[in-house]
Amino acid sequence: MSASDKSAIGVLGAGAWGTALAQMLASDGGDVLIWALEDELVDEINGQHSNSLYLPSATLNPKIRATHSLEDFASFSTILAVTPAQHLGSVLAGLASGPRDLVLCSKGIEAGSGRLMNDVAKAVLPDSDIAVLSGPTFAHEVADGLPTAVTLACSGGETQWDRLSPMIARPGFRPYYSSDVTGAEIGGSIKNVLAIACGVVDGLQLGQNARAALIARGYAEMLRFGDTMGARAETLAGLCGLGDLVLTCSSTSSRNFSLGKALGEGANAADLMADRRTVAEGAHTAPVLEQLAQDKGIAMPIVTAVTAILQGANPAKVVAELLARPLRAEQERSAPDDAH
């Protein structure tokens, strides 16, 4: 594969999601170059067409080639960035600058700065046209070619969509257009935190009623935060918001849900995070999201509860405190302190 081939697509990150996207993109016979941090994983993908570390269920398309060098992406006009959110900036800093379509596929908010991923990317690669791909997606299902629909939010509007959508769409992978990059990012970030909360409820064996209520009230928190940040409510009602929220709050295939479930069952948060090969982004997002909400006067009690549990609070006690909050009208839209 020639890196100067404009029909080729680069994927930064060979975790489960990056590998699944590479597999999906290669399904039409096109070349895909994937960047992996681990030298042994580069060798495995190229030699054995497998990724036993992060996506062991998939036999990878031989059109996927792996590399450890970011220099190999210098001439690619389209790159999907699928690194963990907290490492996105440092990885992008290794790319050559220049005009390109940079599609962000990581979900999270940068710890310390509170920046969304598109703000991180624009600061490092200001000449890139940013898009965000987000939606209800389990990596193993995408790799298997099962039907999937996502939001593709384009900062460059319909012109960028016209470039990207034919390159990304496949028979089993259907993108829907949006121009609301902020909304797409907020939906993907907050749903990870709410998935941890739903996992805690499951681990505490509080039942399906409690989980459904938590999803609905968590969605209200997502809408409040999104409104303050300039996201459109219809974006958060779509695939990248409500759709992704329902998926990740309902299955142990979600890393964030599984983390919450273990916490609800009594596991220690620090031990879980140290032992996890795959990243539960919600654990990194929760404290920075809580701080942003406090700074902006947005009531997000579920996010606050998740942060407390991740920092060692007793899950049963935290849930009891949530249930003891003052009774409110469900759709109250007055002062932020009274919104939940």
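Position 1 is the first residue of the sequence; numbering continues from there. For clarity, every value in this text was computed on a predicted model and none was experimentally measured.
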Could you walk me through whether N192 and T285 pass side chain to side chain donor-acceptor pair (under 3.5 Å), step by step? CA-CA 8 Å; N192 283 334; T285 300; 5.4 Å; no
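- The existence of a salt bridge linking E221 and R217 is excluded, since no basic side-chain nitrogen approaches an acidic carboxylate oxygen closer than 4.0 Å.
- A donor-acceptor pair is defined here as one N or O able to donate and one able to accept, closer than 3.5 Å; such a pair exists between the side chain of R224 and the backbone of A299.
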What verdict does the side chain to side chain contact (heavy atoms under 4.5 Å, CB included) test give for H87 and L37, after you've listed the backbone C-alpha separation in whole Å, the side-chain angles of each residue and the deciding distance to 0.1 Å? CA-CA 12 Å; H87 301 290; L37 179 65; over 6 Å; no
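- Summarising the geometry, atom CG belonging to L88 is positioned 4.5 Å from atom OG1 belonging to T83; distances are rounded to the nearest 0.5 Å.
- For the atom pair CG (L223) and OG1 (T235), the distance works out to 10.5 Å, reported to the nearest 0.5 Å.
- Summarising the geometry of M24 relative to S27, their closest heavy-atom pair is O-OG, 2.6 Å, with the distance given to 0.1 Å.
- Both I130 and F73 are members of a single hydrophobic cluster when ILVMFWY side chains are connected at heavy-atom separations under 4.5 Å.
- The side-chain heavy atoms of E44 and E38, taken from C-beta on, include no pair separated by under 4.5 Å.
- To the nearest 0.5 angstrom, T159 atom OG1 is 9.5 Å from D129 atom CG.
- Nearest heavy-atom pair, V318 versus A305, reported as atom, atom and distance to 0.1 Å: CG1-CB, 3.4 Å.
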Determine, stepwise, if the pair L194 / Y219 fulfils side chain to side chain contact (heavy atoms under 4.5 Å, CB included). CA-CA 9 Å; L194 300 176; Y219 180 58; 5.8 Å; no
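- Cluster membership check: L259 does not share its hydrophobic cluster with F138, using side-chain heavy-atom separations under 4.5 Å among Ile, Leu, Val, Met, Phe, Trp and Tyr.
- For the side chain to side chain contact (heavy atoms under 4.5 Å, CB included) with I168, the lone residue among T78, V150, L133 that qualifies is L133.
- Of the possible donor and acceptor atoms, none in the side chain of T151 sits under 3.5 Å from a partner among the backbone N and O of A153.
- Nearest heavy atom pair, residue H49 against residue N46, reads CE1-O, 3.7 Å.
- Of the possible donor and acceptor atoms, none in the side chain of E110 sits under 3.5 Å from a partner among the backbone N and O of V120.
- Remark: side-chain polar atoms of H68 are paired, donor with acceptor, to backbone N or O of A36 under 3.5 angstrom.
- Counting only distance, with no hydrogens or angles, the side chain of S189 and the backbone of I186 share no donor-acceptor pair below 3.5 Å.
- Using a 4.5 Å heavy-atom cutoff, the side chains of S179 and R232 are in contact.
- Between S106 and L104 there is no side-chain heavy-atom pair separated by less than 4.5 Å.
- Residues L60 and V82 are members of one and the same hydrophobic cluster, defined by side-chain heavy-atom contacts under 4.5 angstrom among Ile, Leu, Val, Met, Phe, Trp and Tyr.
- Under the 3.5 Å distance criterion, the side-chain polar atoms of R170 are matched with a main-chain donor or acceptor of M167.
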Compile the donor-acceptor pairs under 3.5 Å between side chains in residues 242-252 and protein atoms, sequence neighbours left out, one pair per line.
from, atom 1, to, atom 2, distance (Å)
D244, OD2, K107, NZ, 2.7
T248, OG1, D244, O, 2.9
S250, OG, V246, O, 2.7
S251, OG, S253, N, 3.0

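- You'll find the side chain of N256 reaches within 4.5 Å of the side chain of I196, heavy atoms only.
- For R174, the CZ atom is loosely surrounded, since the number of other residues' heavy atoms within 6.0 Å does not exceed 12.
- Inter-residue side-chain proximity for S155 and N118 is flagged as unmet; no heavy-atom pair is nearer than 4.5 Å.
- Using a 4.5 Å cut-off between side-chain heavy atoms of Ile, Leu, Val, Met, Phe, Trp and Tyr, with links allowed through other members, L92 and L33 fall into the same hydrophobic cluster.
- Side chains of T67 and D72: a donor-acceptor N/O pair is present below 3.5 angstrom, by distance only.
- In this structure, L12 and L95 have side chains that are in contact, with non-hydrogen atoms separated by less than 4.5 Å.
- Shown here for I45 and A14, the closest heavy-atom pair between the two residues is CD1-CB, 4.3 Å.
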Evaluate M300 against V193 for side chain to side chain contact (heavy atoms under 4.5 Å, CB included), listing each step before the verdict. CA-CA 11 Å; M300 302 187 77; V193 180; over 6 Å; no
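- Across all non-hydrogen atoms, the minimal contact from Y177 to C154 is CE1-CB, 4.2 Å.
- Heavy-atom neighbours of E40 CD from other residues, nucleotides or ligands within 6.0 Å: above the threshold of 12.
- Ionic pairing of K122 and D119 is present here: one or more N-O contacts between side-chain nitrogen and carboxylate oxygen are shorter than 4.0 angstrom.
- Within the 4.5 Å cutoff, no side-chain heavy atoms of S77 are placed close to those of D101.
- In terms of heavy-atom proximity, V288 sits nearest to G114 at CG2-CA, 3.7 Å.
- Side-chain atoms of S50 never come within 3.5 Å of backbone atoms of S52 as a donor-acceptor pair (strictly under, hydrogens ignored).
- Looking at E290, its side chain never comes within 3.5 Å of a backbone N or O of T307 through a donor-acceptor pair.
- Through ILVMFWY side-chain contacts below 4.5 Å, L146 is grouped with nothing and stands alone.
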Dump the intermediate steps for side chain to side chain contact (heavy atoms under 4.5 Å, CB included) on V91 and W35, then the final yes or no. CA-CA 10 Å; V91 173; W35 175 82; 4.1 Å; yes
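- For the atom pair CG of L289 and CD1 of I109, the computed distance is 5.0 Å after rounding to the nearest 0.5 Å.
- Here the CG atom belonging to L152 is positioned 11.5 Å from the CG atom belonging to L239, to the nearest 0.5 angstrom.
- L206 and I309 fall within a single hydrophobic cluster, where Ile, Leu, Val, Met, Phe, Trp and Tyr side chains are chained together by heavy-atom contacts under 4.5 Å.
- Each side-chain hydrogen bond (donor to acceptor under 3.5 Å, both in side chains) pair with one or both residues in residues 203-213, not counting sequence neighbours, appears once here: D202-R211.
- The distance from atom OG1 of T19 to atom NE2 of H140, rounded to the nearest 0.5 Å, is 14.5 Å.
- Without hydrogens or angle criteria, N51 side chain to Y54 main chain gives a donor-acceptor distance under 3.5 Å.
- At least one side-chain heavy atom of L204 sits less than 4.5 Å from a side-chain heavy atom of P315.
- The main-chain N or O of V132 is never found under 3.5 Å from a side-chain atom of E185 such that the two would form a donor-acceptor pair.
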